[in-house]
Amino acid sequence: MKKFLLFCISLLVLFSSFSCKNGTDNLSTSTSIPTSTMIIPTIDVPPTPTGPTPTPNISGVLPEQEVKIVDINIDGNTATAQNRASGLISTIISYEPDSIGVQESRDNWNTIMTSALSPIYGREGTAADGQINSRTALSSYIYYNKLKYNVVDSGTFWLSKTPYRPSIYGSTVDCNRTCVWVILEHKYTKFRYVHMSTHLDWMDKEATRFQVSLIRDQIKCFEKMGLPVFAGGDFNTSENTTAYKEMFKVEGIANAKYVAAKTMNLGTYPDYGKNDVTKSSPIDHVFVTEKMMDVIEYKVIDEKPDGQYFSDHNGLFVHAKIHSMPDSYMHAKAPDISGLAFSIEYSDKTATASFEQPQHSAPYDTYKIHITDRLDRNILITEIHAKYLNESTISFTINNKLSQGATYHVKVTATDTFGLQDTYEFEFTVPQK
């Protein structure tokens, strides 16, 4: 068992404004504390294990593995950070999680959390405004035990109609919302799992439903890759809503609360004691790929260090045993797009091209499309992030004016979610009117 030593946090106060405010995310006023004046909580690094080095797995079958994850909205209001940070961090690490999903991390919270956890945990994620760190944006990050795991892949997508770039759902919501994910691989056994962490909108019910559908489709993408998934965070929606039920329109996804051998029923938004969580439904959830694991425990983290709330939200702890399964990375096959069939519709100034996504054992990640003319001049270079698209048909617009009777060369490179590629090239001639 790891033992952790934590010291007091002393923070000075300067005022700035939050860019995103709402009723369930209590973000009225923030403070900005100069980094040079912070006293960061510290944790002890466990001693290096002694004895024989574990043998890497080369059998093609991954062993059973137990995983512990925590997800929590930390309340990004730094005005109260000096009273909350030490208790929050000590509570989180007392569960010895393999990975930690946090929401509303910004400004000094980024510094506090990253610095305090850095002896054991690395961090993945991009802020909601597209920066690595952000002073104002509501942002989600994942911390992972870097002593046990390597990062295979990671990313952030936006809960909007353009999920592959920093963006907002629309005028009916207040700010950018994101989902961060990371694929972690055990350093020796090569066991892998996915942790996703997110923070959804609260203002527009249809926006929340749409955002749940994006996350659900991404869970199924990882499941198709043979990866067990924990998708947690502040979903800003209770269990009786249309948005919540959207998650279960496909098979294989469950709320960890309802499949755990040891579970509990408690709300997750106490709002510093203003709400009675014994009478409310959770708005924070952890969804899992239930056929790939046995959930040992689901727990609402409602401790109050020194009698104080560490956030306006309770955290969630999930402990699961992942089943032994084939190593999907070892058995992955490269995609084959040799039969790709393009359809092109022409107008006076543009052309719209489309094609059906070919069947493959793994989901496609991206399509890179490069179109040139006979003089090898670039007409179009674009990349389509297919992993975030629900449609079976991929389409794109060629804005450069195409000459009647001219012939153009097209090169399409498809990359699947394992990083394997295939290329298909062909030519098309613009018809004469």
Check: Taking Thr289 for the side chain and Val229 for the main chain, is one N or O donor matched with an acceptor at less than 3.5 Å?
Finding: yes
Note to self: Suppose we call two aromatic rings close when their centres sit under 6.0 Å apart. Are His285 and Phe287 close by that rule?
What the structure shows: yes
Note to self: Side chains of Asn110 and Ser105 only: does a donor on one sit below 3.5 Å from an acceptor on the other?
What the structure shows: yes
Margin query: I'd like to know if the side chain of His409 reaches the main chain of Arg374, judged simply by a donor and an acceptor atom lying under 3.5 Å from each other, with no hydrogens or angles considered.
Written below: no
Notebook entry, point to check: Have Ser347 and Thr350 got a donor and an acceptor in their side chains that come within less than 3.5 Å?
Noted result: yes
Notebook entry, point to check: Rounded to the nearest 0.5 Å, how far does CD1 of Ile379 lie from CG of Asp373?
Noted result: 4.5 Å
Next item on the list: Would you tell me whether Thr352 and Glu345 have side-chain atoms, one donor and one acceptor, within less than 3.5 Å of each other?
Entry: no
Margin query: Among Lys68, Lys148, Gln65, which residue satisfies the side chain to side chain donor-acceptor pair (under 3.5 Å) criterion with Asp98?
Written below: Lys148
Notebook entry, point to check: Taking the six-membered ring for Trp, are Phe426 and Phe342 parallel (under 30°), tilted (30 to 60°) or perpendicular (over 60°)?
Noted result: tilted
Notebook entry, point to check: Can you check whether Ser160 reaches Ile168 side chain to side chain, under 4.5 Å on heavy atoms?
Noted result: no
Note to self: Is it true that His370 and Asn378 share a donor-acceptor pair across their side chains at a distance under 3.5 Å?
What the structure shows: yes
Item checked: Distance, nearest 0.5 Å, that separates CE of Met113 from CG of Asn108 -> 13.5 Å
Check: About how many Å separate OG of Ser154 and CD1 of Ile183, when rounded to the nearest 0.5 Å?
Finding: 8.5 Å
Next item on the list: Mark yes when over 12 heavy atoms from residues, nucleotides or ligands other than Lys224 sit less than 6.0 Å from its NZ; otherwise mark no.
Entry: yes
Margin query: Under a plain distance cut-off of 3.5 Å, with no hydrogens placed, do Ser115 and Thr111 share a side-chain donor-acceptor pair?
Written below: no
Margin query: What I want to check is whether the side chains of Tyr169 and Asn176 have a donor and an acceptor closer together than 3.5 Å.
Written below: no
Next item on the list: Please round to the nearest 0.5 Å and tell me the distance separating atom CD of Glu223 and atom CD of Gln218.
Entry: 12.5 Å
Note to self: Take a 6.0 Å sphere around NZ of Lys220 and say whether it holds more than 12 heavy atoms from other residues, nucleotides or ligands.
What the structure shows: yes
Note to self: If you apply the rule ring-ring contact (aromatic ring centres under 6.0 Å, His included), what do you find for His186 with Tyr149, and how did you get there?
What the structure shows: CA-CA 4 Å; His186 195 279; Tyr149 294 94; 5.8 Å; yes
Margin query: Side chains of Tyr329 and Lys190 only: does a donor on one sit below 3.5 Å from an acceptor on the other?
Written below: no
Would you list the atom pairs, donor with acceptor, under 3.5 Å between side chains in residues 245-256 and any protein atom, with sequence neighbours excluded?
from   : atom 1 : to     : atom 2 : distance (Å)
Glu246 : OE1    : Arg209 : NH1    : 3.4
Glu246 : OE1    : Lys249 : NZ     : 3.1
Glu246 : OE2    : Arg209 : NH1    : 3.3
Glu246 : OE2    : Arg216 : NH1    : 2.8
Asn255 : OD1    : Lys257 : N      : 3.0
Asn255 : ND2    : Tyr244 : OH     : 3.0

Check: For residues Gln103 and Ser197, is any side-chain donor paired with an opposing acceptor at under 3.5 Å?
Finding: yes
Checklist line | Test log, rule ring-ring contact (aromatic ring centres under 6.0 Å, His included), inputs Tyr164 and His385 | finding: CA-CA 7 Å; Tyr164 45 84; His385 296 253; 5.2 Å; yes
Margin query: Do Glu66 and His319 pair up side chain to side chain, a donor and an acceptor below 3.5 Å, judged on atom types alone?
Written below: yes
Next item on the list: Quick one: pull up SG in Cys179 and CG in Leu200 and give me the separation to the nearest 0.5 Å.
Entry: 8.5 Å
Checklist line | Euclidean distance, Lys299 NZ relative to Leu266 CG, rounded to 0.5 Å | finding: 9.0 Å
Margin query: Could you check whether Ser311 and Asp75, counting side-chain N and O atoms only, form a donor-acceptor pair closer than 3.5 Å?
Written below: no
Notebook entry, point to check: Is the side chain of Thr198 donor-acceptor paired with the backbone N or O of Thr178 at a distance under 3.5 Å, no angle test?
Noted result: yes
Notebook entry, point to check: Does Gly76 offer a backbone N or O that forms a donor-acceptor pair with the side chain of Glu104 under 3.5 Å?
Noted result: yes
Margin query: Looking only at the side chains, is there a donor atom on one of Thr397 and Asn399 sitting less than 3.5 Å from an acceptor on the other?
Written below: no
Next item on the list: Establish, yes or no, whether the cationic atom of Arg123 lies under 6.0 Å from the six-membered ring centre of Tyr141 and within 45° of the ring axis.
Entry: yes
Item checked: Heavy-atom donor-acceptor pair, Ser140 side chain to Val180 backbone, under 3.5 Å -> no
Checklist line | Full working for ring-ring contact (aromatic ring centres under 6.0 Å, His included) between Tyr258 and Tyr298 | finding: CA-CA 9 Å; Tyr258 292 107; Tyr298 162 92; 8.1 Å; no
Check: Between Tyr193 and Phe230, what is the ring plane arrangement, given parallel below 30°, perpendicular above 60°, and tilted in between?
Finding: perpendicular
Item checked: Lys274 to Tyr269 six-membered ring, cation-pi geometry met (6.0 Å, 45°) -> no
Going by atom type alone, with no hydrogens or angles, which donor-acceptor pairs under 3.5 Å involve a side-chain atom of residues 360-367 and a protein atom two or more places apart or on another chain?
from   : atom 1 : to     : atom 2 : distance (Å)
His360 : NE2    : Lys333 : O      : 3.4
His360 : NE2    : Asp416 : OD2    : 2.9
Tyr367 : OH     : Gln357 : OE1    : 3.1

